[in-house]
Each structure stands twice: as C-alpha cells, then as structure tokens.
Amino acid sequence: MSDDGIRSDWATKDFYKELGVAKTASQDEIKKAYRKLARANHPDSHPGDTARHEKFKAVAEAYDVVGDPEKRKKYDQARELFSRGGFPAGGGFGGGGFGGGVNVEDLLRDRAGGGGGFGDLFGDLFGGGFSAGRRANRPARGGDLETTATIGFTEALEGVTVALRISSEGACSTCNGTGGKPGTRPHACPVCEGTGFVTASVGGAFSMNETCPSCGGRQLVYDDPCPSCRGTGTGQATRTIQAKIPAGVKDGQRIRLRGKGAPGANGGPAGDLYVTVKVTQHRVFGRKGDNLTVDVPVSFPELALGAEVKVPTMGGSAVTLRIPPGTPNGRTFRVRGKGAARPDGTRGDLLATVEVQVPATLDAEAKAALEAYAAATANSSLRAGLFEDAT
C-alpha cells in the first residue's frame with residue numbers, strides 16, 4: 001500500500017486508543033505501551049492465534065504513526081478537523097459537505113496564496129488535489145521495498161552485515177528523469193499552460209486543482225519522448241546495499257532499514273527497506289524464542305545411577321551437566337545465560353534434553369551384564385498400569 005494510501009484513513013482510526021494511552025502521552029509513554037503490546041501479541045509467541053496476530057499488526061500501525069513526532073502532528077491535525085466536521089469521514093467532498101462551523105474560506109485560503117491552510121494539511125496527509133500545481137515538483141518520499149536475506153544459524157545469533165542487491169524504480173538512466181529524448185528541448189505543456197495543474201469542479205461553487213494529466217505536473221513536455229522510458233522519466237535501477245542484521249534475529253523476522261528503499265522524487269527522502277530474514281538450521285543446536293536447545297545423548301546407566309556429562313555451548317566452552325540418579329528420559333535441564341542475545345543485552349538460556357541411546361549391537365560382556373540386570377528386575381511390573389482401565 002502506498003504511503004498516501006496508508007495516510008488516507010488516519011483520521012478514521014484512534015491510534016491512541018489502540019495503544020491504550022492518552023492523547024497527551026509522551027513519546028516515551030507511547031514507546032513503552034507499544035513494546036508491551038508487541039511482546040504480548042507477537043506472532044512468534046502465539047503461533048496460529050489470529051486474533052493476537054491482528055492485534056500485533058494494529059499496534060504496529062498505530063506506533064508507526066504516533067511514534068513518529070512529525071506523523072503524529074499531522075495525524076492530530078487531521079483528527080481535529082474530522083471532529084469538527086471539517087471533512088466527511090469518507091474522504092470525499094460530495095455536494096459541498098463542509099459543516100460543523102468550520103470556516104471554509106479559512107481552510108481554502110492557501111489557494112489565494114496565504115499558505116499553510118487546508119490544502120497544505122490534506123495535501124500532506126492524503127496526497128489530495130489542493131494546490132496540485134505547487135506540489136507537482138515538491139520533494140516526494142520514495143516507496144518502501146521488500147526483500148529476503150538468508151543467513152546462517154550462528155550469524156543470526158551474533159549479528160552480521162550482508163550485501164543485498166535491490167531493484168527499484170528510479171530516474172531513467174537514458175534521459176535522467178526528464179522523459180524526453182536526449183538532445184531535444186522541452187516546451188511548456190499546452191494543456192496546463194506550464195502551471196502543472198488543471199482546475200476541476202467538485203460540485204456546487206467549489207473547485208479544486210488536479211495534477212495535469214498531460215505533463216503529470218512537470219509543467220514541461222517533450223515532442224519526442226525518451227525511447228527507453230517512453231516519456232515517463234522512470235526506469236528500473238539495480239544497486240547493492242550493505243544491511244546490518246542485528247544479533248538475536250529470529251527466522252522469519254521482518255527488519256526495517258530506514259532510508260534504504262526506493263529513492264525519492266525531486267530530492268525527497270528515500271523510502272524504507274523491509275528485510276525478511278530466513279535462518280538456516282544448525283546441525284547440533286535448535287532455537288525456541290531466545291533460548292537455544294540441544295539434545296544430549298546419554299546411556300541408561302547414566303540416568304539410573306547419575307552422571308556428569310559435558311554439553312557444548314554456542315560459541316563458548318562446554319559446560320558440565322550434572323544428572324541426578326533416577327533421572328527420567330527426556331528431562332530438560334536449563335543452563336542459564338547460554339542462549340541467544342536479546343535487544344537489552346541479556347541472553348536467553350540453553351535447554352539441554354537428555355535422550356537415552358539404545359546400542360544397535362552388544363559385545364558378549366555387555367550382553368551378559370544386561371541379561372543379569374533383566375533377571376534381577378524380572379519381578380518389576382513396569383506395565384501394570386496399562387491394564388488397569390483397559391477393560
């Protein structure tokens with residue numbers, strides 16, 4: 001969805017209510033509320049819980065707006081106009097549907113050169129048609145881009161910088177964005193007479209400026225369009241960027257890299273790049289949230305009699321696991337601080353699960369010892385409980 005598309009329904013959503021904070025909340029209070037809700041509803045912690053997934057998306061959208069001071073200011077202005085009836089909730093004008101005591105003449109004063117009025121606000125929020133000529137060549141933010149990066153298990157734990165090859169729409173390399181055939185000269189657009197906009201009626205006594213459909217707001221046109229971009233001034237550009245993947249990133253996590261998206265128009269800022277991280281599996285270790293997991297092969301005597309076994313850790317020295325006598329198969333031991341790194345600098349734990357390994361072959365001595373053990377425990381009723389309620 002474009003940036004304008006996202007902004008067009010800002011005024012119909014209560015982002016403060018979504019985050020559970022007051023309109024007067026500080027930026028720190030908003031950040032704390034978002035982090036709390038994001039942790040409570042994160043998809044990784046609640047797989048398959050659609051309601052929590054939707055809540056996570058909603059609070060992320062809310063924080064993206066009110067968590068940014070500039071966006072928050074524009075959002076508050078739009079909400080104020082809506083609450084006063086200054087603009088219909090559907091976003092259209094209809095038959096002159098302004099009401100609620102709003103001074104329409106003040107709102108439209110920038111059409112007479114006053115600046116800073118209704119046209120400025122709604123042009124920024126909704127990409128609207130007010131003062132379209134003046135806005136046609138203003139700086140515009142570039143679009144957001146999506147890509148995927150595959151990294152190793154160890155790289156995900158320690159963090160890594162990867163090279164990403166990105167293709168995005170930018171200025172045509174043949175005409176440098178002018179839209180004209182190289183070597184030719186432009187002239188004023190005959191449709192808008194070089195203003196970049198045309199005037200259209202919106203009903204009643206009202207009219208609004210729209211971007212000129214002939215020149216696209218550029219004010220100038222070429223008789224001979226560029227053969228590469230066919231007069232659009234845009235083309236596909238490929239570039240390589242260095243993306244820093246933070247330590248502790250999870251498989252499937254989406255990372256936002258500000259300013260690494262498509263370049264802006266007319267000197268505007270670049271959009272953002274969203275990188276979905278894919279993490280390859282490790283031969284020994286697994287992962288569960290911020291904790292690492294490892295299966296530890298043990299023998300029956302080690303569980304029955306107790307033992308001390310060495311267990312590897314990721315990127316560090318081995319630790320000794322003390323197994324008490326009579327430990328059941330499949331028990332998990334926790335080794336604190338040997339897991340994945342967290343954003344706050346702490347680390348998760350290592351979860352070591354003991355698994356009895358049954359030998360495929362036995363030598364004569366081992367076989368005799370086991371037969372002696374079987375004879376010594378022949379009177380035990382291990383499976384008696386299976387038949388208590390079977391009939």
Side-chain angles (χ1 to χ4, degrees), residues 39-40 42-48 151-160 245-253 277-388:
R39 284 196 299 268
H42 199 283
D44 288 348
S45 302
H46 305 280
I151 61 176
F153 191 90
T154 303
E155 292 174 328
L157 296 178
E158 299 176 352
V160 66
I245 308 298
V249 66
K250 300 179 180 66
D251 181 48
Q253 186 172 338
V277 180
K278 300 294 183 182
V279 181
T280 59
Q281 293 183 346
H282 194 275
R283 185 182 65 83
V284 174
F285 296 97
R287 187 166 178 182
K288 187 176 182 180
D290 293 328
N291 300 322
L292 297 183
T293 63
V294 61
D295 291 333
V296 183
V298 293
S299 67
F300 172 73
E302 286 175 323
L303 293 187
L305 303 176
E308 291 186 354
V309 299
K310 293 289 187 180
V311 176
T313 62
M314 178 62 72
S317 58
V319 296
T320 299
L321 192 66
R322 291 180 174 84
I323 302 175
T327 295
N329 181 49
R331 178 178 172 181
T332 298
F333 295 83
R334 183 181 296 269
V335 183
R336 299 197 177 275
K338 296 298 183 178
R342 298 189 180 105
D344 60 3
T346 63
R347 301 186 74 90
D349 303 328
L350 174 64
L351 306 180
T353 301
V354 292
E355 298 286 348
V356 169
Q357 302 298 299
V358 178
T361 59
L362 294 171
D363 59 25
E365 184 179 357
K367 183 176 181 181
L370 282 178
E371 288 173 343
Y373 171 78
T377 58
N379 294 328
S380 63
S381 54
L382 294 178
R383 291 173 287 278
L386 290 177
F387 302 93
E388 289 179 358

State, yes or no, whether a side-chain contact exists between [X] and [Y] at a heavy-atom distance under 4.5 Å.
X	Y	result
Val354	Val309	no
Gln253	Pro246	no
Val296	Glu355	no
Phe300	Leu370	no
Val279	Ile151	yes

Whether Arg336 side chain and Lys338 backbone form a donor-acceptor pair below 3.5 Å: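 Not at all, since once roles are kept as given, no pair shorter than 3.5 Å links the two residues.
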
Main-chain N/O of Leu350 paired to Asn291 side chain as donor or acceptor, under 3.5 Å: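 Absent.
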
Contacts table for residues 314-322: side-chain donor-acceptor under 3.5 angstrom, sequence neighbours left out:
from   : atom 1 : to     : atom 2 : distance (Å)
Thr320 : OG1    : Lys310 : NZ     : 3.1
Arg322 : NE     : Glu308 : OE2    : 3.3

Derivation and outcome, side chain to side chain contact (heavy atoms under 4.5 Å, CB included), residues Val335 and Val311: CA-CA 10 Å; Val335 183; Val311 176; 5.9 Å; no

Identify the two heavy atoms, one from [X] and one from [Y], that lie closest to each other, and give their separation to 0.1 Å.
X	Y	result
Arg287	Thr293	N-OG1, 3.7 Å
Asp290	Arg342	OD2-NE, 3.2 Å
Val356	Asn329	N-OD1, 2.8 Å
Gly337	Arg347	O-CD, 3.7 Å

Atom CG of Asp344 with >12 non-hydrogen neighbours under 6.0 angstrom: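 It does: Asp344 CG has more than 12 such atoms within range.
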
Side chain to side chain contact (heavy atoms under 4.5 Å, CB included) between Phe153 and Leu292, worked out: CA-CA 11 Å; Phe153 191 90; Leu292 297 183; 3.9 Å; yes

Atom pair CG (Leu351) and CZ (Phe333), whose distance is rounded to the nearest 0.5 Å: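 One finds 12.0 Å between CG of Leu351 and CZ of Phe333.
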
